[in-house]
**Q** 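The structure's right below; bear with me while I get my questions together.
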Amino acid sequence: MKIRLVNDGVFSPIDDIQTALTAPPAGFYWIDADVDDLTLLQPLFSLHDLAVEDCLSEEEQRPKIEIYESHYFIVVSSIRFDDEEIFMRALNVFLGRHFIITVTKQKINELRSLKPILWEQEVSTPDRFLYLLIDLVVDNYFTVGDRIEAKIEKLEEDILMHTKKSHLNEIIGLRSEILWLKKVLVPQKEVINTLNKRDLRLIDDQLQKYFSDIYENAVKISENFDTFRDLMGNLREAYQSSIANRANEIMRVFTAITTIFMPLTVITGIYGMNFDYIPEIHWKYGYYSIIGVMVLLGISMVLIFRKKDWI
(Lines give C-alpha, C1' and ligand atoms only; values in the text may rest on other atoms or scores of the structure.)
Protein backbone atom coordinates (compact mmCIF):
# COMPACT_ATOMS: atom_id res chain seq x y z
CA MET A 1 0.00 0.00 0.00
CA LYS A 2 1.28 3.45 -0.95
CA ILE A 3 -0.02 6.65 0.60
CA ARG A 4 0.66 9.97 -1.09
CA LEU A 5 -0.36 13.55 -0.47
CA VAL A 6 -1.15 15.07 -3.85
CA ASN A 7 -1.12 18.86 -4.08
CA ASP A 8 -0.81 20.72 -7.38
CA GLY A 9 0.27 17.44 -8.95
CA VAL A 10 3.21 17.07 -6.57
CA PHE A 11 3.47 13.75 -4.69
CA SER A 12 4.56 13.61 -1.05
CA PRO A 13 4.88 10.11 0.45
CA ILE A 14 3.07 9.53 3.75
CA ASP A 15 4.28 6.84 6.15
CA ASP A 16 1.51 6.88 8.75
CA ILE A 17 -1.99 5.93 7.58
CA GLN A 18 -3.46 7.88 10.50
CA THR A 19 -2.33 11.10 8.82
CA ALA A 20 -4.71 10.44 5.93
CA LEU A 21 -7.77 10.29 8.20
CA THR A 22 -8.07 14.08 8.40
CA ALA A 23 -8.23 16.50 5.50
CA PRO A 24 -4.89 18.15 4.64
CA PRO A 25 -4.59 21.95 4.49
CA ALA A 26 -4.24 21.63 0.71
CA GLY A 27 -4.54 18.74 -1.74
CA PHE A 28 -5.82 15.24 -1.04
CA TYR A 29 -4.57 11.76 -0.16
CA TRP A 30 -4.21 9.04 -2.76
CA ILE A 31 -4.02 5.54 -1.30
CA ASP A 32 -2.98 2.93 -3.84
CA ALA A 33 -3.87 -0.39 -2.19
CA ASP A 34 -4.20 -4.12 -2.79
CA VAL A 35 -7.31 -6.07 -1.79
CA ASP A 36 -5.47 -7.40 1.28
CA ASP A 37 -5.10 -3.83 2.58
CA LEU A 38 -8.86 -3.41 2.85
CA THR A 39 -8.85 -5.13 6.24
CA LEU A 40 -6.94 -2.13 7.58
CA LEU A 41 -8.59 0.56 5.44
CA GLN A 42 -12.25 -0.38 5.97
CA PRO A 43 -12.61 0.61 9.64
CA LEU A 44 -10.38 3.68 9.28
CA PHE A 45 -12.31 5.21 6.38
CA SER A 46 -15.72 3.63 7.16
CA LEU A 47 -15.82 1.86 3.81
CA HIS A 48 -19.14 0.14 3.20
CA ASP A 49 -19.26 -3.63 3.79
CA LEU A 50 -20.88 -4.35 0.41
CA ALA A 51 -18.23 -2.36 -1.46
CA VAL A 52 -15.40 -4.16 0.35
CA GLU A 53 -17.11 -7.47 -0.33
CA ASP A 54 -17.22 -6.68 -4.04
CA CYS A 55 -13.49 -5.91 -4.03
CA LEU A 56 -12.69 -9.20 -2.29
CA SER A 57 -15.00 -11.32 -4.44
CA GLU A 58 -13.42 -13.79 -6.85
CA GLU A 59 -16.26 -13.24 -9.32
CA GLU A 60 -15.83 -10.76 -12.13
CA GLN A 61 -17.40 -7.43 -11.15
CA ARG A 62 -19.46 -5.43 -13.61
CA PRO A 63 -18.76 -1.68 -13.86
CA LYS A 64 -20.99 0.18 -11.42
CA ILE A 65 -21.27 3.11 -9.04
CA GLU A 66 -22.62 2.96 -5.49
CA ILE A 67 -23.45 6.14 -3.56
CA TYR A 68 -22.82 5.93 0.20
CA GLU A 69 -23.06 8.61 2.85
CA SER A 70 -19.36 9.39 3.25
CA HIS A 71 -17.93 8.07 -0.01
CA TYR A 72 -18.67 6.69 -3.48
CA PHE A 73 -17.66 3.25 -4.69
CA ILE A 74 -16.91 3.03 -8.41
CA VAL A 75 -15.88 0.01 -10.48
CA VAL A 76 -14.54 0.42 -14.01
CA SER A 77 -12.91 -2.16 -16.25
CA SER A 78 -9.41 -1.54 -17.54
CA ILE A 79 -8.53 -3.24 -20.81
CA ARG A 80 -5.25 -4.65 -22.10
CA PHE A 81 -4.28 -6.35 -25.37
CA ASP A 82 -1.10 -8.37 -24.84
CA ASP A 83 0.23 -11.12 -27.10
CA GLU A 84 -2.92 -11.10 -29.23
CA GLU A 85 -5.10 -11.74 -26.16
CA ILE A 86 -7.49 -9.33 -24.45
CA PHE A 87 -7.49 -8.93 -20.67
CA MET A 88 -10.04 -7.12 -18.51
CA ARG A 89 -9.05 -5.96 -15.02
CA ALA A 90 -11.35 -4.42 -12.44
CA LEU A 91 -10.32 -1.03 -11.07
CA ASN A 92 -12.07 -0.31 -7.77
CA VAL A 93 -12.18 3.29 -6.57
CA PHE A 94 -13.37 4.74 -3.24
CA LEU A 95 -13.93 8.47 -3.61
CA GLY A 96 -14.10 10.59 -0.45
CA ARG A 97 -14.09 14.29 0.31
CA HIS A 98 -10.33 14.48 0.97
CA PHE A 99 -9.11 11.08 -0.24
CA ILE A 100 -9.29 8.59 -3.08
CA ILE A 101 -8.48 4.90 -2.67
CA THR A 102 -7.68 2.74 -5.69
CA VAL A 103 -7.86 -1.01 -5.11
CA THR A 104 -6.67 -3.55 -7.69
CA LYS A 105 -5.80 -7.23 -7.83
CA GLN A 106 -3.32 -6.77 -10.69
CA LYS A 107 -1.20 -3.92 -11.94
CA ILE A 108 -3.18 -1.35 -13.91
CA ASN A 109 -1.34 0.57 -16.63
CA GLU A 110 -3.61 3.59 -16.33
CA LEU A 111 -2.48 4.24 -12.75
CA ARG A 112 1.13 4.49 -13.91
CA SER A 113 0.22 6.66 -16.89
CA LEU A 114 -1.81 8.97 -14.67
CA LYS A 115 1.07 10.24 -12.53
CA PRO A 116 2.68 12.59 -15.09
CA ILE A 117 -0.78 13.90 -16.05
CA LEU A 118 -1.52 14.80 -12.43
CA TRP A 119 1.75 16.70 -12.27
CA GLU A 120 1.22 18.43 -15.62
CA GLN A 121 -2.32 19.58 -14.77
CA GLU A 122 -1.45 20.42 -11.15
CA VAL A 123 -4.28 18.33 -9.74
CA SER A 124 -5.29 19.01 -6.14
CA THR A 125 -8.73 17.40 -5.76
CA PRO A 126 -9.79 13.72 -5.68
CA ASP A 127 -12.73 14.27 -8.06
CA ARG A 128 -10.41 15.58 -10.77
CA PHE A 129 -8.14 12.59 -10.14
CA LEU A 130 -11.18 10.35 -10.77
CA TYR A 131 -12.05 12.21 -13.97
CA LEU A 132 -8.54 11.88 -15.41
CA LEU A 133 -8.34 8.21 -14.41
CA ILE A 134 -11.63 7.26 -16.08
CA ASP A 135 -10.66 9.31 -19.14
CA LEU A 136 -7.46 7.26 -19.46
CA VAL A 137 -9.37 4.00 -19.05
CA VAL A 138 -11.84 4.93 -21.79
CA ASP A 139 -9.14 6.22 -24.16
CA ASN A 140 -7.34 2.90 -23.85
CA TYR A 141 -10.39 1.20 -25.38
CA PHE A 142 -9.75 3.20 -28.56
CA THR A 143 -6.19 1.84 -28.67
CA VAL A 144 -7.41 -1.72 -28.23
CA GLY A 145 -10.15 -1.10 -30.79
CA ASP A 146 -7.54 0.00 -33.36
CA ARG A 147 -5.58 -3.20 -32.77
CA ILE A 148 -8.71 -5.32 -33.10
CA GLU A 149 -9.59 -3.55 -36.34
CA ALA A 150 -6.07 -4.17 -37.69
CA LYS A 151 -6.36 -7.83 -36.71
CA ILE A 152 -9.71 -8.14 -38.51
CA GLU A 153 -8.25 -6.56 -41.66
CA LYS A 154 -5.26 -8.90 -41.62
CA LEU A 155 -7.51 -11.90 -41.04
CA GLU A 156 -9.71 -10.83 -43.95
CA GLU A 157 -6.68 -10.48 -46.22
CA ASP A 158 -5.35 -13.91 -45.18
CA ILE A 159 -8.72 -15.54 -45.85
CA LEU A 160 -8.97 -14.00 -49.31
CA MET A 161 -5.36 -14.91 -50.19
CA HIS A 162 -5.15 -18.40 -48.73
CA THR A 163 -7.84 -19.87 -46.52
CA LYS A 164 -6.78 -22.17 -43.69
CA LYS A 165 -8.78 -24.21 -41.20
CA SER A 166 -7.09 -22.29 -38.38
CA HIS A 167 -8.78 -19.10 -39.58
CA LEU A 168 -12.15 -20.39 -38.35
CA ASN A 169 -10.79 -20.79 -34.81
CA GLU A 170 -9.39 -17.25 -34.96
CA ILE A 171 -12.74 -15.88 -36.12
CA ILE A 172 -14.69 -17.67 -33.39
CA GLY A 173 -12.18 -16.68 -30.69
CA LEU A 174 -12.05 -13.02 -31.67
CA ARG A 175 -15.83 -12.78 -32.02
CA SER A 176 -16.28 -14.25 -28.53
CA GLU A 177 -13.89 -11.66 -27.09
CA ILE A 178 -15.74 -8.83 -28.85
CA LEU A 179 -19.09 -10.02 -27.48
CA TRP A 180 -17.52 -10.32 -24.03
CA LEU A 181 -16.27 -6.73 -24.25
CA LYS A 182 -19.70 -5.54 -25.34
CA LYS A 183 -21.17 -6.88 -22.10
CA VAL A 184 -18.69 -4.73 -20.18
CA LEU A 185 -19.15 -1.59 -22.26
CA VAL A 186 -22.89 -1.30 -21.64
CA PRO A 187 -22.72 -0.96 -17.82
CA GLN A 188 -19.54 1.11 -18.08
CA LYS A 189 -21.41 3.64 -20.21
CA GLU A 190 -24.08 3.83 -17.52
CA VAL A 191 -21.47 4.51 -14.83
CA ILE A 192 -20.03 7.39 -16.83
CA ASN A 193 -23.51 8.70 -17.60
CA THR A 194 -24.29 8.71 -13.88
CA LEU A 195 -21.13 10.69 -13.18
CA ASN A 196 -22.22 13.08 -15.92
CA LYS A 197 -25.88 13.68 -15.08
CA ARG A 198 -26.59 12.77 -11.47
CA ASP A 199 -26.26 15.36 -8.72
CA LEU A 200 -23.16 14.15 -6.84
CA ARG A 201 -21.96 16.24 -3.92
CA LEU A 202 -18.42 14.81 -3.95
CA ILE A 203 -17.85 15.94 -7.53
CA ASP A 204 -17.60 19.61 -8.44
CA ASP A 205 -20.44 20.87 -10.64
CA GLN A 206 -18.07 22.42 -13.18
CA LEU A 207 -15.99 19.25 -13.39
CA GLN A 208 -19.07 17.06 -13.74
CA LYS A 209 -19.82 18.59 -17.13
CA TYR A 210 -16.52 17.21 -18.46
CA PHE A 211 -17.75 13.67 -17.92
CA SER A 212 -20.06 14.22 -20.90
CA ASP A 213 -16.98 14.09 -23.18
CA ILE A 214 -15.97 10.76 -21.67
CA TYR A 215 -19.52 9.50 -22.11
CA GLU A 216 -19.48 10.44 -25.81
CA ASN A 217 -16.23 8.53 -26.22
CA ALA A 218 -17.75 5.54 -24.44
CA VAL A 219 -20.69 5.64 -26.87
CA LYS A 220 -18.31 5.76 -29.85
CA ILE A 221 -16.38 2.79 -28.49
CA SER A 222 -19.58 0.82 -28.05
CA GLU A 223 -20.59 1.60 -31.64
CA ASN A 224 -17.13 0.57 -32.86
CA PHE A 225 -17.45 -2.79 -31.17
CA ASP A 226 -20.90 -3.22 -32.73
CA THR A 227 -19.20 -2.72 -36.08
CA PHE A 228 -16.49 -5.22 -35.16
CA ARG A 229 -19.15 -7.78 -34.29
CA ASP A 230 -20.79 -7.33 -37.69
CA LEU A 231 -17.41 -7.57 -39.43
CA MET A 232 -16.73 -10.87 -37.69
CA GLY A 233 -20.02 -12.19 -39.07
CA ASN A 234 -18.95 -11.07 -42.55
CA LEU A 235 -15.56 -12.72 -42.05
CA ARG A 236 -17.19 -16.01 -41.17
CA GLU A 237 -19.33 -15.85 -44.31
CA ALA A 238 -16.23 -15.02 -46.36
CA TYR A 239 -14.41 -18.00 -44.82
CA GLN A 240 -17.26 -20.39 -45.59
CA SER A 241 -17.56 -19.00 -49.11
CA SER A 242 -13.82 -19.35 -49.67
CA ILE A 243 -13.86 -22.93 -48.42
CA ALA A 244 -16.81 -23.74 -50.71
CA ASN A 245 -15.09 -22.13 -53.71
CA ARG A 246 -11.90 -24.01 -52.95
CA ALA A 247 -13.82 -27.29 -52.77
CA ASN A 248 -15.53 -26.50 -56.07
CA GLU A 249 -12.17 -25.69 -57.64
CA ILE A 250 -10.74 -29.01 -56.49
CA MET A 251 -13.79 -30.92 -57.71
CA ARG A 252 -13.56 -29.15 -61.07
CA VAL A 253 -9.96 -30.27 -61.49
CA PHE A 254 -10.79 -33.83 -60.43
CA THR A 255 -13.74 -33.88 -62.83
CA ALA A 256 -11.55 -32.65 -65.67
CA ILE A 257 -8.92 -35.31 -64.96
CA THR A 258 -11.58 -38.03 -64.81
CA THR A 259 -13.11 -36.81 -68.08
CA ILE A 260 -9.71 -36.81 -69.81
CA PHE A 261 -8.99 -40.38 -68.74
CA MET A 262 -12.43 -41.74 -69.66
CA PRO A 263 -11.77 -42.18 -73.44
CA LEU A 264 -8.28 -43.48 -72.67
CA THR A 265 -9.82 -46.09 -70.40
CA VAL A 266 -12.23 -47.09 -73.18
CA ILE A 267 -9.30 -47.62 -75.58
CA THR A 268 -7.27 -49.66 -73.09
CA GLY A 269 -10.41 -51.63 -72.22
CA ILE A 270 -11.02 -52.55 -75.82
CA TYR A 271 -7.44 -53.64 -76.41
CA GLY A 272 -7.48 -55.60 -73.19
CA MET A 273 -10.15 -58.00 -74.49
CA ASN A 274 -9.04 -61.55 -75.37
CA PHE A 275 -9.76 -61.60 -79.14
CA ASP A 276 -7.37 -62.50 -81.94
CA TYR A 277 -8.84 -60.19 -84.54
CA ILE A 278 -8.42 -56.66 -83.17
CA PRO A 279 -7.20 -53.91 -85.54
CA GLU A 280 -3.45 -53.39 -85.42
CA ILE A 281 -2.98 -56.18 -82.86
CA HIS A 282 -0.47 -57.98 -85.05
CA TRP A 283 0.95 -54.80 -86.60
CA LYS A 284 4.57 -54.02 -85.76
CA TYR A 285 3.79 -50.40 -84.80
CA GLY A 286 0.29 -51.01 -83.44
CA TYR A 287 1.28 -50.52 -79.78
CA TYR A 288 3.08 -47.25 -80.44
CA SER A 289 0.32 -45.91 -82.64
CA ILE A 290 -2.35 -46.56 -79.96
CA ILE A 291 -0.17 -44.91 -77.30
CA GLY A 292 0.29 -41.93 -79.62
CA VAL A 293 -3.46 -41.69 -80.23
CA MET A 294 -4.10 -41.77 -76.45
CA VAL A 295 -1.50 -39.05 -75.77
CA LEU A 296 -2.85 -36.90 -78.61
CA LEU A 297 -6.40 -37.37 -77.37
CA GLY A 298 -5.45 -36.44 -73.79
CA ILE A 299 -3.57 -33.30 -74.89
CA SER A 300 -6.44 -32.27 -77.16
CA MET A 301 -8.95 -32.53 -74.32
CA VAL A 302 -6.72 -30.51 -71.96
CA LEU A 303 -6.41 -27.76 -74.58
CA ILE A 304 -10.16 -27.74 -75.19
CA PHE A 305 -10.88 -27.52 -71.43
CA ARG A 306 -8.39 -24.67 -71.02
CA LYS A 307 -9.90 -22.77 -73.96
CA LYS A 308 -13.35 -23.05 -72.40
CA ASP A 309 -11.85 -22.04 -69.00
CA TRP A 310 -13.03 -25.24 -67.36
CA ILE A 311 -9.63 -25.88 -65.75
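Computed over heavy atoms, backbone and side chain alike; hydrogens, waters and symmetry mates excluded. Position 1 is the first residue of the sequence; numbering continues from there. This structure is a prediction, so every number in the text was calculated from the model and none was measured.
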**Q** Please tell me whether Leu91 and Met88 are part of a single hydrophobic cluster in this structure, the criterion being side-chain heavy atoms less than 4.5 Å apart.
**A** yes
**Q** To the nearest 0.5 Å, what is the distance between CG on Leu181 and CD1 on Ile86?
**A** 5.0 Å
**Q** Mind checking whether Tyr29 and His98 have parallel, tilted or perpendicular rings, split at 30° and 60°?
**A** perpendicular
**Q** Do Val123 and Phe28 have side chains that get closer than 4.5 Å, going by heavy atoms?
**A** yes
**Q** Specify whether Phe225 and Phe228 have parallel, tilted or perpendicular ring planes, treating 30° as the upper limit for parallel and 60° as the lower limit for perpendicular.
**A** perpendicular
**Q** How long is the span from the CG atom in Asn217 to the CG atom in Asp139, to the nearest 0.5 Å?
**A** 6.0 Å
**Q** Do Leu133 and Leu185 belong to the same hydrophobic cluster, where Ile, Leu, Val, Met, Phe, Trp and Tyr are linked whenever their side-chain heavy atoms lie under 4.5 Å apart, directly or via other members?
**A** yes
**Q** Take a 6.0 Å sphere around CZ of Phe142 and say whether it holds more than 12 heavy atoms from other residues, nucleotides or ligands.
**A** yes
**Q** Side-chain contact test, heavy atoms from C-beta onward, threshold under 4.5 Å: evaluate it for Tyr131 versus Ile203 and give yes or no.
**A** no
**Q** Same cluster or not: Leu95 versus Leu136, using hydrophobic residues (I, L, V, M, F, W, Y) connected whenever any side-chain heavy atoms lie under 4.5 Å apart?
**A** yes
**Q** Run the side-chain contact (heavy atoms from CB on, under 4.5 Å) test against Leu21 and tell me which residues pass, sequence neighbours left out.
**A** Gln18, Leu44, Phe45
**Q** Is there a path from Ile148 to Val186 through hydrophobic residues (I, L, V, M, F, W, Y) whose side chains come within less than 4.5 Å of each other?
**A** no
**Q** If you draw a 6.0 Å radius around CZ in Arg89, do more than 12 non-hydrogen atoms from other residues or ligands fall strictly inside?
**A** yes
**Q** Kindly check if the number of other-residue, nucleotide or ligand heavy atoms within 6.0 Å of NZ (Lys182) is above 12?
**A** yes
**Q** What do you reckon, is CZ of Phe11 surrounded by more than 12 foreign heavy atoms closer than 6.0 Å?
**A** yes
**Q** Ring centroid separation for Phe73 and Phe94, is it under 6.0 angstrom?
**A** yes
**Q** Would Gln208 and Asp199 count as having a side-chain donor-acceptor pair, cut-off 3.5 Å?
**A** no
